[in-house]
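Some notes on the structure that comes next.
Not measured: the values here are computed from a predicted model. Here, residue 1 is the first one in the sequence, and each next residue gets the next number.
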Amino acid sequence: SAGLELSINDHAADFTLSTELGPPISLSCLVHNSSQAEELLWYRGDGQVGLKDGNKVNISNICISPVNESDNGVTFTCKLARDKSVQVSVILDVKFPPRLSGEETLYVEEEKDVTLTCNSKSNPQAQTTWYKDNQSLTLQQNHHELYQTSEVFRLSIRKVQKSDNGTYTCVVQSRLGNGTRDFHLIVEDKKPVFPKEAVIAAVVVVTITILFGIVARRDKFFKVW
């Protein structure tokens with residue numbers, strides 16, 4: 001296989017192909033400098049792609065249709081069957097806007113913690129802004145906490161108060177579009193705590209009273225015995 005080369009869509013070296021959701025993509029692998037029939041193989045990641053007869057020798061084509069979010073970042077590799085070290089790859093860079101919508105109502109007891117979570121993927125990665133009642137949320141130290149990855153955006157509120165009541169909106173923005181999700185936070189009255197200490201004290205008092213009663217009547221118990 002010395003001197004043999006492969007190309008995908010006229011690229012003899014590995015490359016990245018940018019595309020969008022929906023329209024199909026055709027990838028064509030071609031053998032160069034071949035003096036005989038050469039069989040080609042295609043891989044999607046680590047998995048081999050099934051090819052029909054007549055689409056394997058010297059030139060091979062595959063089609064990705066429709067292109068979707070799961071294709072983003074996937075590597076397609078064309079290899080020479082008899083010498084897999086002869087290969088060339090393309091990485092798909094699929095652009096798509098944030099997918100985020102809907103609303104959710106959360107009930108939380110006063111003084112408890114609550115976390116609002118937006119799950120959203122996009123490419124390129126989007127920026128997130130939080131609003132409360134249609135106004136930019138002013139973050140308070142030790143009260144609000146933000147957590148963000150490429151797919152998860154969280155707002156945690158520590159020890160919620162009645163003043164935290166309201167509608168919180170997660171706005172995810174990219175150059176391809178925006179997405180929003182509303183969280184209606186309802187802070188409920190703090191439930192009375194069961195007086196555990198008082199119950200324990202009462203049990204102790206009753207136990208001591210019974211013991212004193214037994215001691216006071218010990219002579220009668222001894223006589224019966």
Side-chain angles (χ1 to χ4, degrees), residues 1-102 116-130 146-155 169-181:
S1 57
L4 285 180
E5 290 185 354
L6 304 180
S7 69
I8 296 177
N9 293 9
D10 297 326
H11 291 265
D14 296 348
F15 69 105
T16 298
L17 178 61
S18 293
T19 185
E20 296 181 357
L21 296 177
I25 293 175
S26 293
L27 301 177
S28 179
C29 183
L30 180 65
V31 179
H32 299 270
N33 307 322
S34 173
S35 59
Q36 63 183 53
E38 297 286 356
E39 183 180 351
L40 297 171
L41 305 174
W42 274 103
Y43 290 83
R44 184 186 192 277
D46 295 327
Q48 188 171 344
V49 178
L51 300 174
K52 293 182 179 180
D53 292 338
N55 188 30
K56 300 178 180 179
V57 179
N58 289 346
I59 184 170
S60 180
N61 301 285
I62 61 172
C63 182
I64 300 107
S65 179
V67 175
N68 56 46
E69 296 174 10
S70 65
D71 295 313
N72 183 47
V74 173
T75 300
F76 286 86
T77 303
C78 180
K79 298 183 180 184
L80 198 66
R82 67 183 177 92
D83 184 355
K84 294 184 177 62
S85 66
V86 180
Q87 62 179 40
V88 62
S89 297
V90 55
I91 300 174
L92 296 190
D93 179 28
V94 183
K95 308 293 187 182
F96 55 94
R99 304 284 188 192
L100 186 65
S101 63
L116 316 180
T117 302
C118 286
N119 295 306
S120 176
K121 293 196 298 183
S122 64
N123 183 30
Q125 186 173 345
Q127 299 296 318
T128 305
T129 308
W130 285 92
L146 295 179
Y147 172 82
Q148 179 173 333
T149 67
S150 60
E151 298 181 12
V152 178
F153 311 98
R154 291 186 188 135
L155 168 65
T169 304
C170 171
V171 179
V172 184
Q173 299 172 303
S174 80
R175 60 181 178 80
L176 297 180
N178 302 332
T180 63
R181 185 174 182 81

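Side chains of Leu21 and Pro66 form no contact here, defined as non-hydrogen atoms less than 4.5 Å apart. The side-chain heavy atoms of Pro97 and Ser122, taken from C-beta on, include no pair separated by under 4.5 Å. You'll find the side chain of Phe76 reaches within 4.5 Å of the side chain of Ile64, heavy atoms only. In this structure, Ile8 and Phe15 have side chains that are in contact, with non-hydrogen atoms separated by less than 4.5 Å. Taking the side chain as every heavy atom from C-beta outward, Cys63 and Ser65 approach each other to under 4.5 Å. With contacts defined as side-chain heavy-atom distances shorter than 4.5 Å, the pair Val86/Leu6 qualifies. Counting heavy atoms from C-beta outward, Asn178 and Val172 have side chains that stay 4.5 Å or more apart.
Contact record, Leu176 with Pro124: CD1-CD, 4.2 Å, taken as the closest heavy-atom pair. For Leu4 against Ser34, the heavy-atom pair with the smallest separation is CD2-CA, 3.5 Å. Residues Lys79 and Tyr43 share a closest heavy-atom pair of CD-CE1, 3.6 Å. The two residues Ser89 and Thr75 come nearest to each other via the heavy atoms CB-CG2, 3.8 Å. Taking both residues in full, the closest heavy atoms of Val74 and Ser70 are given as CG2-O, 3.4 Å, listed atom of the first, atom of the second, then distance. Minimum heavy-atom separation, Gln48 to Leu41: NE2-CD2, 3.5 Å.
Applying the salt bridge (Lys or Arg N to Asp or Glu O under 4.0 Å) rule to pairs touching residues 171-181 yields Glu104-Arg181, sequence neighbours excluded. Listed by first and then second residue, the salt bridge (Lys or Arg N to Asp or Glu O under 4.0 Å) pairs that reach into residues 57-71 are Arg44-Asp71, Glu69-Arg99, sequence neighbours excluded. The side-chain hydrogen bond (donor to acceptor under 3.5 Å, both in side chains) pairs that include a residue from residues 15-25 are Ser18-Asp93, where partners are two or more places apart or lie in different chains.
Applying the side-chain hydrogen bond (donor to acceptor under 3.5 Å, both in side chains) rule to Lys84 yields no partners; only residues at least two apart in sequence or on another chain are considered. Partners of Ser60 according to the side-chain hydrogen bond (donor to acceptor under 3.5 Å, both in side chains) rule, which considers only residues two or more places apart in sequence or in another chain, are Trp42. Under the rule for a side-chain hydrogen bond (donor to acceptor under 3.5 Å, both in side chains), the partners of Asn61 that lie at least two apart in sequence or sit in another chain are Ser28.
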**Request:** Evaluate the criterion side chain to side chain contact (heavy atoms under 4.5 Å, CB included) for residue pair Val90 and Asn9; output intermediate values, then yes/no.
**Result:** CA-CA 9 Å; Val90 55; Asn9 293 9; over 6 Å; no
- Could you walk me through whether Leu40 and Leu80 pass the side chain to side chain contact (heavy atoms under 4.5 Å, CB included) check? CA-CA 5 Å; Leu40 297 171; Leu80 198 66; 4.2 Å; yes
* Step by step, would you call Arg82 with Glu39 a salt bridge (Lys or Arg N to Asp or Glu O under 4.0 Å)? -> CA-CA 8 Å; Arg82 67 183 177 92; Glu39 183 180 351; over 6 Å; no
| request: Report the C-alpha distance between Gln125 and Glu151 in whole Å, list the side-chain angles of each, state the deciding distance to 0.1 Å, and finish with yes or no for side chain to side chain contact (heavy atoms under 4.5 Å, CB included). | output: CA-CA 8 Å; Gln125 186 173 345; Glu151 298 181 12; over 6 Å; no
Verify side chain to side chain contact (heavy atoms under 4.5 Å, CB included) between Phe153 and Leu100, making sure each step is shown before the conclusion.
-> CA-CA 11 Å; Phe153 311 98; Leu100 186 65; 5.9 Å; no
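When atom types are taken as modelled, the side chain of Asn72 and the backbone of Val94 share a donor-acceptor pair closer than 3.5 angstrom. Side chain of Asp14 to main chain of Val88: no donor-acceptor pair is present (N/O by atom type, distance under 3.5 Å, no hydrogens or angles).
Annotation: the span from Leu155 atom CG to Leu116 atom CG amounts to 5.0 Å, rounded to 0.5 Å. Atom CD of Glu38 is separated from atom CG of Asn58 by 7.0 Å, given to the nearest 0.5 angstrom.
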